[in-house]
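Positions are given from 1 along the sequence. What you are looking at is a predicted structure, and each value in this text was computed from that prediction instead of being measured.
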Amino acid sequence: MDSVVSRLEAVKANMAAAAAEAGRTAGEVSLVAVSKTFDADEIRPVLTAGQRVFGENRVQEAESKWPGLRVEFEGIELHLIGPLQSNKAREAVALFDVIETVDREKIAKELAREMAKQDRHPRLYVQVNTGEEPQKAGVGPREAVEFVQRCRDVHGLAIEGLMCIPPLDENPGPHFALLEKLARQAGVEKLSMGMSGDYETAIAFGATSVRVGSAIFGTREQVHSTPVSRSRQ
Ligand SMILES: *Cc1c(COP(=O)(O)O)cnc(C)c1O
């Protein structure tokens with residue numbers, strides 16, 4: 001049976017196996033189920049199966065699905081994994097529990113302002129463009145540690161983790177290793193890395209959360225994916 005729920009269970013089993021292989025416990029790695037492009041009816045079975053942590057890459061799309069689902073299901077944790085425009089900071093702070101894509105001064109400043117104003121404090125990750133790809137969001141690896149420090153010292157933002165999306169055509173291992181090293185240097189604990197094609201590798205390199213979409217929900221329509229996201233279709 002190739003249902004969304006059986007694929008969810010298979011991903012979780014693979015994660016546990018990868019953790020064990022790396023001498024880690026399954027509880028050390030959390031699954032962010034990436035539900036972008038899928039509607040509430042397609043997400044509901046995954047919620048019913050017990051999954052509570054989800055990732056979306058667009059603020060507006062997330063706003064159209066999740067407030068309703070939060071009425072139906074308790075304990076949902078929503079991650080923003082796509083680029084954030086500063087004019088969407090208000091909505092992002094109001095809706096998301098974790099924002100994984102802090103990557104420039106202006107966003108840090110807007111988030112700090114909105115968090116104070118709304119008295120809502122989503123956890124924050126800095127996105128690092130480990131491959132230094134011009135079309136991809138994220139701070140460069142050489143700027144990452146200083147940027148984390150500036151978020152703390154200048155904007156009063158506690159950065160909990162780092163996130164990366166390695167180049168599609170490269171072996172992801174070195175990118176995961178680089179992110180882990182930068183996190184140690186910056187003094188942050190969480191590592192969001194690994195997608196459908198490489199989450200087991202990411203777990204071997206220390207991922208504390210993996211962002212898995214198509215391996216659970218199935219192939220996305222190309223037309224819906226953003227150019228900055230790395231999709232494997
Ligand atoms: C779409 C997306 C994912 C999930 O990708 P899959 O290959 O479908 O697992 C993970 N992270 C980010 C940032 C994404 O945009």
Query raised in the report: Can a donor-acceptor pair be found between the side chains of T208 and E28 at a distance below 3.5 Å?
Result: no
Query raised in the report: Does any donor atom in the side chain of S86 or E110 lie under 3.5 Å from an acceptor atom in the other side chain?
Result: no
Query raised in the report: Which is it for D97 and R120 under the side chain to side chain contact (heavy atoms under 4.5 Å, CB included) test, yes or no, and what are the steps along the way?
Result: CA-CA 9 Å; D97 303 292; R120 240 188 84 81; 3.8 Å; yes
Requested in this report: Could you list the residues that satisfy side-chain hydrogen bond (donor to acceptor under 3.5 Å, both in side chains) with E160, not counting sequence neighbours?
Outcome: R123
With rounding to the nearest 0.5 angstrom, report the [atom1] to [atom2] distance, [X] to [Y].
| X | Y | atom1 | atom2 | value |
| --- | --- | --- | --- | --- |
| W66 | F73 | CH2 | CZ | 9.0 Å |
| R184 | E189 | CZ | CD | 13.5 Å |
| H155 | M115 | NE2 | CE | 12.5 Å |
| R211 | K36 | CZ | NZ | 8.5 Å |
| N14 | E21 | CG | CD | 12.0 Å |
| L84 | N57 | CG | CG | 12.0 Å |

Under 3.5 Å donor-acceptor, [X] side chain and [Y] backbone:
| X | Y | value |
| --- | --- | --- |
| T101 | G82 | yes |
| R24 | A18 | no |
| E61 | T37 | yes |
| K65 | S35 | yes |
| R52 | E74 | yes |

Side-chain heavy-atom pair [X], [Y] within 4.5 angstrom cut-off:
| X | Y | result |
| --- | --- | --- |
| H175 | F205 | no |
| V148 | L162 | yes |
| I216 | S196 | no |
| L124 | C151 | no |
| V126 | V188 | no |
| K136 | L168 | no |
| E105 | F147 | yes |

Please find the pair of heavy atoms, one from [X] and one from [Y], that lie closest to each other, and give the distance.
| X | Y | answer |
| --- | --- | --- |
| N129 | P141 | O-CD, 3.3 Å |
| P174 | N171 | CD-O, 3.3 Å |
| L80 | R58 | CD1-N, 4.3 Å |
| C164 | T130 | CB-CG2, 3.8 Å |
| P172 | P166 | CB-CG, 4.0 Å |
| P122 | V98 | CB-N, 4.3 Å |

Query - Verify same cluster id: L78, V32 (apolar side-chain graph, 4.5 Å) - result: no
**Report entry** Selection residues 12-38 - residue pairs positive for ring-ring contact (aromatic ring centres under 6.0 Å, His included), sequence neighbours left out
**Finding:** F38-F217
Query raised in the report: Should we say atom NZ of K109 is surrounded by more than 12 heavy atoms from elsewhere, each under 6.0 Å from it?
Result: no
Query raised in the report: Does R90 CZ have over 12 foreign heavy atoms under 6.0 Å away?
Result: no
Report task. Quick one: do I107 and I99 satisfy side chain to side chain contact (heavy atoms under 4.5 Å, CB included)? Show the steps, please. Result -> CA-CA 11 Å; I107 287 294; I99 296 173; over 6 Å; no
Query raised in the report: Could you go step by step and tell me if V29 and Y199 meet the side chain to side chain contact (heavy atoms under 4.5 Å, CB included) rule?
Result: CA-CA 10 Å; V29 191; Y199 64 92; over 6 Å; no
Which pairs would a plain distance check flag for residues 39-51, meaning a side-chain donor or acceptor within less than 3.5 Å of a matching protein atom at least two apart in sequence or in another chain?
| residue | atom | partner | partner atom | Å |
| --- | --- | --- | --- | --- |
| D39 | OD1 | D41 | N | 3.3 |
| D39 | OD1 | E42 | N | 3.2 |
| D41 | OD1 | R44 | NH1 | 2.6 |
| E42 | OE1 | D39 | N | 2.9 |
| R44 | NE | E72 | OE1 | 2.7 |
| R44 | NH2 | E72 | OE2 | 3.1 |
| T48 | OG1 | R44 | O | 3.0 |
| Q51 | NE2 | L31 | O | 2.9 |
| Q51 | NE2 | V53 | O | 2.8 |

Report task. List the steps and the verdict of side chain to side chain contact (heavy atoms under 4.5 Å, CB included) for M193 and F176. Result -> CA-CA 7 Å; M193 55 192 200; F176 297 151; 3.7 Å; yes
Report task. Please lay out, stage by stage, how R150 and E146 fare under the test salt bridge (Lys or Arg N to Asp or Glu O under 4.0 Å). Result -> CA-CA 6 Å; R150 285 185 62 79; E146 197 200 324; 5.0 Å; no
